[in-house]
Q: 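I am attaching a structure below and will ask some questions about it afterwards.
Model, not experiment: these values are computed from the prediction. Values below: all heavy atoms of this structure, side chains included; hydrogens, waters and symmetry mates excluded. One-based numbering, in listed order, for ligands and for the atoms of each.
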Amino acid sequence: MTAEIIDGKAFAARLHQRIAAQVAAFAAAAGRAPGLAVVLVGDDPASAVYVRNKHKATVAAGMASFAHRLPADLPRHDLLALVDRLNADVAVDGILVQLPLPDHIDARVVTTRIDPDKDVDGFTPENAGRLATGLHGFVPCTPLGCLMLLKDRLGDLTGMDAVVIGRSNIVGKPMAHLLLRESCTVTVAHSKTRDLPDVVRRADIVVAAVGRAEMVRGDWIKPGAIVIDVGINRTEAGLVGDVDLAGALGVAGAITPVPGGVGPMTIAVLLRNTLVSACRREGVPYDKEAL
Ligand code: GUN
């Protein structure tokens with residue numbers, strides 16, 4: 001058996017098109033474009049690439065992009081003051097502070113300062129709590145993108161066994177809540193989990209988000225399982241995921257490649273969340289089914 005490759009790049013490109021159409025409708029109704037502010041502190045090269053890609057995609061979708069590039073030694077109170085200004089700026093519908101932040105700034109303090117109704121990353125305690133309790137809110141972009149790929153492939157996820165490897169606030173925890181919302185039986189595994197290969201072998205759905213190159217081996221995968229690889233690891237051999245793709249290909253039913261799987265979905269969902277924020281803030285209706 002050879003697993004189907006889930007083409008996240010193509011899926012994201014179609015989502016971009018649907019977003020752009022609704023951005024145009026929003027602009028016609030509201031008299032302005034949706035606005036996304038992206039804040040980058042310091043000069044981490046990977047973050048700089050992500051922020052540049054977000055800016056390009058935002059503009060390509062017909063949205064306004066407000067980029068704030070700040071020095072690594074920026075005092076914490078200056079960053080908080082910028083967040084306060086963006087919270088109050090009526091042209092800004094979404095605020096994203098790129099993580100990681102320099103060591104002298106506690107990311108939790110900064111994300112908590114963002115207005116939950118502009119928190120298109122879904123990182124504020126308010127939005128994490130909304131997701132956990134089933135209220136409307138913003139869901140973190142990467143796990144929501146993973147869920148879209150899963151539902152596109154599987155339709156109804158009810159009753160499936162899902163294993164999420166990784167318990168971060170950005171991916172693992174929100175992913176577990178999303179899968180629970182879809183009535184999966186969810187296991188969250190992490191670095192202290194005993195017998196991880198056996199835990200993974202039970203899963204119809206595997207979401208790997210640990211940040212360790214090719215840690216999940218092909219013989220850990222249940223035959224026919226759907227594997228979503230969130231890892232982006234830079235190695236001498238190039239970019240690889242958290243899953244041994246070559247090994248998994250012979251066992252899984254379908255798998256997202258790295259690159260070209262989950263990665264492109266993150267930015268597409270960020271734009272989706274920004275459009276939804278703009279529509280909610282202006283009272284403009286939007287086509288939820290198309291997003
Ligand atoms: N760093 C890596 N991924 C993300 C993300 O989705 N949002 C933010 N703000 N920072 C990140």
Side-chain angles (χ1 to χ4, degrees), residues 8 12 15 35-58 65-70 72 74 76 79-80 82-83 86-87 92-103 105-116 118-128 131 137-149 164 166-175 177-178 207-212 228-234 239 241-242 256 258-259 261-277:
L15 181 53
L36 173 64
V38 175
V39 180
L40 173 62
V41 184
D43 38 33
D44 177 69
S47 290
V49 172
Y50 292 144
V51 166
R52 201 161 46 238
N53 289 341
K54 284 168 186 170
H55 170 76
K56 280 191 208 155
T58 306
S65 172
F66 308 104
H68 296 267
R69 294 192 176 79
L70 303 161
L74 184 80
R76 188 185 84 162
L79 180 55
L80 293 175
L82 172 60
V83 171
L86 296 173
N87 282 341
V92 172
D93 299 293
I95 301 170
L96 180 148
V97 178
Q98 184 69 28
L99 304 180
L101 287 169
D103 289 342
I105 303 180
D106 184 340
R108 292 171 299 185
V109 173
V110 178
T111 47
T112 300
R113 189 78 157 228
I114 295 170
D115 178 348
K118 294 188 176 187
D119 169 31
V120 287
D121 253 336
F123 290 172
T124 58
E126 178 85 25
N127 279 314
L131 175 60
F138 290 112
V139 176
C141 303
T142 300
L144 185 53
C146 293
L147 184 72
M148 287 178 181
L149 294 177
V164 179
R167 55 176 155 178
S168 70
N169 290 331
I170 295 182
V171 183
K173 284 182 206 162
M175 188 76 240
H177 281 298
L178 285 170
V207 180
V210 269
R212 287 183 52 191
I228 305 291
D229 189 349
V230 183
I232 300 178
N233 306 290
R234 287 173 179 79
L239 273 193
D242 290 346
T256 58
V258 176
V262 172
M265 292 300 294
T266 299
I267 290 183
V269 176
L270 174 66
L271 300 184
R272 174 212 177 270
N273 283 355
T274 303
L275 169 64
V276 168
S277 176

Q: Here's a test for you: under side-chain hydrogen bond (donor to acceptor under 3.5 Å, both in side chains), which of N87, T124, N273 qualifies with D119?
A: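 Only one of N87, T124, N273 forms a side-chain hydrogen bond (donor to acceptor under 3.5 Å, both in side chains) with D119, namely T124.
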
Q: Quick one: does any side-chain atom of N233 pair with a main-chain N or O of G241 as donor and acceptor, under 3.5 Å?
A: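 Yes; at least one donor-acceptor contact below 3.5 Å.
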
Q: Before signing off on this row, confirm whether P100 and ligand 1 have an N or O atom pair separated by under 3.5 Å.
A: no

Q: For the backbone of F138 and the side chain of N127, can you confirm whether one donor and one acceptor N or O come within less than 3.5 Å of each other?
A: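 At least one qualifying donor-acceptor pair exists.
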
Q: Has the side chain of T142 got a donor or acceptor atom that lies under 3.5 Å from a matching backbone atom of V171?
A: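 Checking the backbone N and O of V171 against the side chain of T142, no donor-acceptor pair under 3.5 Å is found.
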
Q: Identify the closest protein heavy atom to atom 9 (N) of ligand 1: which residue and atom is it, and at what distance?
A: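 Residue, atom and distance for the closest contact: D121 OD2, 2.6 Å.
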
Q: Is ligand 1 under 4.0 Å from a heavy atom in the side chain of F123, in the backbone, in both, or in neither?
A: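 Looking at F123 and ligand 1, just side chain atoms fall under 4.0 Å.
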
Q: For atom 10 (N) of ligand 1, what's the nearest protein heavy atom and its distance?
A: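 The protein heavy atom lying closest is L99 N, 3.0 Å.
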
Q: Between the side chain of K118 and the main-chain N/O of L86, is any donor-acceptor distance below 3.5 Å?
A: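 At least one qualifying donor-acceptor pair exists.
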
Q: Taking only heavy atoms of L96, which atoms of ligand 1 are found under 4.0 Å from at least one of them?
A: 9 (N)

Q: Which protein non-hydrogen atom lies closest to atom 4 (C) of ligand 1, naming both residue and atom, and how far is it?
A: Q98 NE2, 4.2 Å

Q: Whether the side chain of D242 engages the backbone of D229 through a donor-acceptor N/O pair (distance < 3.5 Å, no angle test) should be reported.
A: no

Q: Classify the contact between L270 and ligand 1 as side chain, backbone, both or neither, using a heavy-atom distance cut-off of under 4.0 Å.
A: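 L270 to ligand 1: no contact under 4.0 Å from either part.
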
